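What follows is a single structure, written as structure tokens, with notes after it.
Computed from a predicted structure; not experimentally measured. Values reported hereafter were calculated over all heavy atoms of this structure, with side chains retained and with hydrogens, waters and symmetry mates removed. Proteins get letters first, then strands, A, B, ... in listed order; numbering begins at 1 in each.
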Number of protein chains: 2
Amino acid sequence: MVTIKDVAKEAQVSVATVSRVINNQGYVHEDTRAKVEKAIKALQYRPNNVARSLFKKKSKMIGFIVPDITNPYFPQLVRAVEDVTNKAEYTTFLCNSDEDLKKELMYLEKMQENHIDGAIIVSNTLELEHVERLNLPIIALDRFFHNSIPSVTVDNYNEARKAVRFLLENGCKKIAHIKGPKYIENSILRQKAYEDEMNEQNMPLIECEGEYHLKDSEKAFLELLKQNPDIDGVFAGNDVMAVGALKAARRLNLSVPEDLSVMGFDGIEWTETVSPEITTMAQPIYEMGKRAATMLLELIDGKRLDDVHVVYDTEMVIRESAKRR
Amino acid sequence: MVTIKDVAKEAQVSVATVSRVINNQGYVHEDTRAKVEKAIKALQYRPNNVARSLFKKKSKMIGFIVPDITNPYFPQLVRAVEDVTNKAEYTTFLCNSDEDLKKELMYLEKMQENHIDGAIIVSNTLELEHVERLNLPIIALDRFFHNSIPSVTVDNYNEARKAVRFLLENGCKKIAHIKGPKYIENSILRQKAYEDEMNEQNMPLIECEGEYHLKDSEKAFLELLKQNPDIDGVFAGNDVMAVGALKAARRLNLSVPEDLSVMGFDGIEWTETVSPEITTMAQPIYEMGKRAATMLLELIDGKRLDDVHVVYDTEMVIRESAKRR
DNA sequence: CTGTTAGCGCGTTCAT
DNA sequence: ATGAACGCGCTAACAG
């Protein structure tokens, strides 16, 4: 391994001078700079970020904890975060938590050990103290975490109400809801929105559990449809489950949207791959990831955040599965 | 920050002793060990992996370069790699290259600077010298890289031939192929397989360019169908493009598989979300990621690999879009 | 403008 | 069984 010392020797200067050249700071004569740069090139020298981190207590690395990268919602987020942090010369550690507290804690420790400069987390299981004791800039993404932790989310409740209202306005008489997991904040808010909207219209609640998964949703909703053949609309807690609903409908030879209107939430690409394409409340996913990353970098730079809790609206993307009458 | 020194002071021993306890090596009296462990707990001490890496020249981090995490094939791979490396106490840096040589090189430099212990790469653009000068264990995944770089891939050529043969055997008379990008090895092999199989049967080649993307594929294949209404089978270079083909068929009101048989390649989840579900040559994606990660760890541990170039078969998953007559 | 030097936190000889 | 001391590669005073 070629070190700063080797470069110094090659260029016949001191290590300090080399350091000045690398970091582009302090005075250094043009001629010496040229000599050093030549030596660097000749030796193919790359500064050792580990040594640098040790001294600076800044690693230029950030952590990102997501529940499960194979859930199509998250890759977009990861992409956005990486695009932003990268431009600022940061690298990103990715961690899959499986919504498992133990794993999350393990990852936090690892991050701490590696001296990361900050982290973005998508979690409902971690508690404030776990995060606070890192004593590091943290941004909560996709899910609100705690008042004292800056966050980037969508207005799940109000946007979900809009979704249900859309089904109502278009003449659906019996609207079901496919719920997500009980322990996920988002999921609860979307469910509550459905219930409040329905109650306000004095309409009966018909629900089943889809666990944010395709197969679970398909199965549960199939049962629900069998028991309630007059269901003519469904609001799924996320797009993955909306696809499940579509599959269930197909099994019973129901036409969408003629017999059944299907409404999703999230705006993932799946909604465009299926037929009919699914109407959904699209989150500005990439934008959210970008924002969270930008905020994190600001915190790392010691700046203060303009908005601590950023809440986005969704965009209702009307497609085939539920449309204006 | 609490360091090894603080622990030493608290436990009234030397740093060397604390180090011995942490790393569980060398002799240390049970009583002193207890004292040290108590101090560690009291101070909530965590060893600083940065300092450790500096000394050991081992960071317990590995790099993983993928073209684009939003392509549904890769999250599975990422998942598998992470699951394996994690068990061995490694953390994974994720990098999106966009198949862009510049980005890939930038990432390699970053990895080097951060002193990673090894890397897994999915790339066709990098050249041997770029990778070799890292002087680090490297595994090529999904795409063969160079004879001297261990790899984990599927037998693209032969498995693609099987796919085409399946369409032939089931009576397709005019079979088209939707090609992937020209610069990706996999894509070329699958195309060649199609061409060889067709030529062997003295059947005409009908091709269009799908770029491994949904929209591109849909658009290109739509045109192709218009010009060749008698196409009754299509082998898409990957599943994403197979979905595009399905959408194109729907636009022309063609029934799948009655009017048109559709065959994909990869085995991503999309093939199950659409209707009809797509017949595809499913790669053991998770297994491949696991294998690559395992191999990398073996190399890092200084072991020799049993198989340097691992080639998997695919599994033909016969579903609705193309089936036995 | 440039060089010398003292650590950053840790692991490891080498003594004891 | 334990401690003192050196060095991993780098940066930031401090001198000159």
Side-chain angles (χ1 to χ4, degrees), chain A residues 1-40 43-61 89 109-117 135, chain B residues 1-40 43-61 89 109-117 135:
Chain A
M1 145 156 282
V2 29
T3 77
I4 200 172
K5 251 185 187 164
D6 302 321
V7 178
K9 196 180 292 174
E10 172 85 11
Q12 312 204 57
V13 295
S14 75
V15 291
T17 304
V18 178
S19 175
R20 283 188 196 101
V21 172
I22 299 168
N23 298 293
N24 217 347
Q25 69 180 236
Y27 299 100
V28 41
H29 194 88
E30 266 317 309
D31 296 353
T32 25
R33 176 185 300 277
K35 269 202 301 188
V36 171
E37 275 165 354
K38 199 176 138 207
I40 288 177
L43 269 50
Q44 294 218 54
Y45 168 74
R46 296 260 86 220
N48 181 332
N49 195 47
V50 177
R52 207 175 244 178
S53 301
L54 181 59
F55 183 89
K56 290 228 200 182
K57 289 147 180 325
K58 289 263 170 192
S59 60
K60 286 274 183 180
M61 302 192 296
E89 306 257 87
E109 283 195 353
K110 275 240 164 8
M111 289 180 179
Q112 194 175 183
E113 286 174 14
N114 283 296
H115 235 289
I116 57 159
D117 297 339
N135 206 17
Chain B
M1 144 157 283
V2 29
T3 77
I4 200 172
K5 251 185 187 164
D6 302 321
V7 177
K9 198 180 293 174
E10 171 84 10
Q12 311 204 55
V13 296
S14 76
V15 292
T17 304
V18 178
S19 175
R20 285 190 195 98
V21 172
I22 299 167
N23 299 293
N24 218 346
Q25 69 179 239
Y27 299 99
V28 42
H29 194 89
E30 266 318 309
D31 297 353
T32 26
R33 175 185 300 277
K35 268 202 300 187
V36 171
E37 274 165 355
K38 200 176 137 208
I40 288 177
L43 269 49
Q44 294 218 54
Y45 168 74
R46 297 257 86 220
N48 181 332
N49 196 47
V50 177
R52 211 176 240 177
S53 301
L54 181 58
F55 183 88
K56 290 228 200 181
K57 288 147 180 327
K58 289 264 171 191
S59 61
K60 287 270 180 185
M61 302 192 296
E89 307 256 272
E109 283 195 352
K110 274 238 164 6
M111 288 179 179
Q112 193 174 182
E113 287 175 14
N114 283 296
H115 234 290
I116 58 159
D117 297 339
N135 206 15

Exercise. Round to a whole Å and report the spacing from CD of A/Q12 to C1' of C/dT2.
Key: 14 Å
Self-check item: Under 3.5 Å donor-acceptor, A/D117 side chain and A/S59 backbone
Solution: yes
Quiz item: Considering residues at least two apart in sequence or located in another chain, which fulfil the side-chain hydrogen bond (donor to acceptor under 3.5 Å, both in side chains) criterion with B/N114?
Solution: A/N49
Practice problem: Applying side chain to side chain contact (heavy atoms under 4.5 Å, CB included), name anything that partners A/E109, two or more places apart in sequence or on another chain. | Solution: B/R46
Quiz item: Using rotation axes that map the C1' atoms of four end pairs onto the next four (five pairs an end), what angle separates the end axes of the helix from C/dC1-D/dG16 to C/dT16-D/dA1, to 10°?
Solution: 40°
Quiz prompt | Sugar-phosphate, base or nothing in reach of B/V50, heavy atoms under 4.0 Å | solution = nothing
Quiz item: What pairs with B/E89 under side chain to side chain contact (heavy atoms under 4.5 Å, CB included), at least two apart in sequence or on another chain?
Solution: A/K110, B/K60
Quiz item: Who are the side-chain hydrogen bond (donor to acceptor under 3.5 Å, both in side chains) partners of B/N23, not counting sequence neighbours?
Solution: B/S19
Quiz prompt | Where protein sits on nucleotides 7-16 of chain C, one letter per nucleotide: B base, S sugar-phosphate only, - none, heavy atoms under 4.0 Å | solution = BBBSBB----
Quiz item: How would you list, by chain and number, every residue that makes a side chain to side chain contact (heavy atoms under 4.5 Å, CB included) with B/V15, sequence neighbours excluded?
Solution: B/I4, B/K5, B/A8
Exercise. Go through the structure and list residues passing side-chain hydrogen bond (donor to acceptor under 3.5 Å, both in side chains) with A/S53, not counting sequence neighbours.
Key: none
Quiz prompt | Nucleotide range of DNA chain D lying under 4.0 Å from chain A heavy atoms | solution = D/dG9 to D/dA13
Practice problem: Using the test side-chain hydrogen bond (donor to acceptor under 3.5 Å, both in side chains), find all partners of B/T3 that sit at least two apart in sequence or belong to another chain. | Solution: none
Practice problem: Determine the contact category for B/S53: base if any of its heavy atoms lies under 4.0 Å from a base atom, sugar-phosphate if only primed atoms, P, OP1 or OP2 are that close, otherwise nothing. | Solution: nothing
Exercise. Kindly write out the residues that satisfy side chain to side chain contact (heavy atoms under 4.5 Å, CB included) with A/K9, not counting sequence neighbours, or none if the list is empty.
Key: none
Quiz item: Can you list every pair that meets salt bridge (Lys or Arg N to Asp or Glu O under 4.0 Å) and has a residue in residues 14-30 of chain A, with sequence neighbours left out?
Solution: A/E30-A/R33
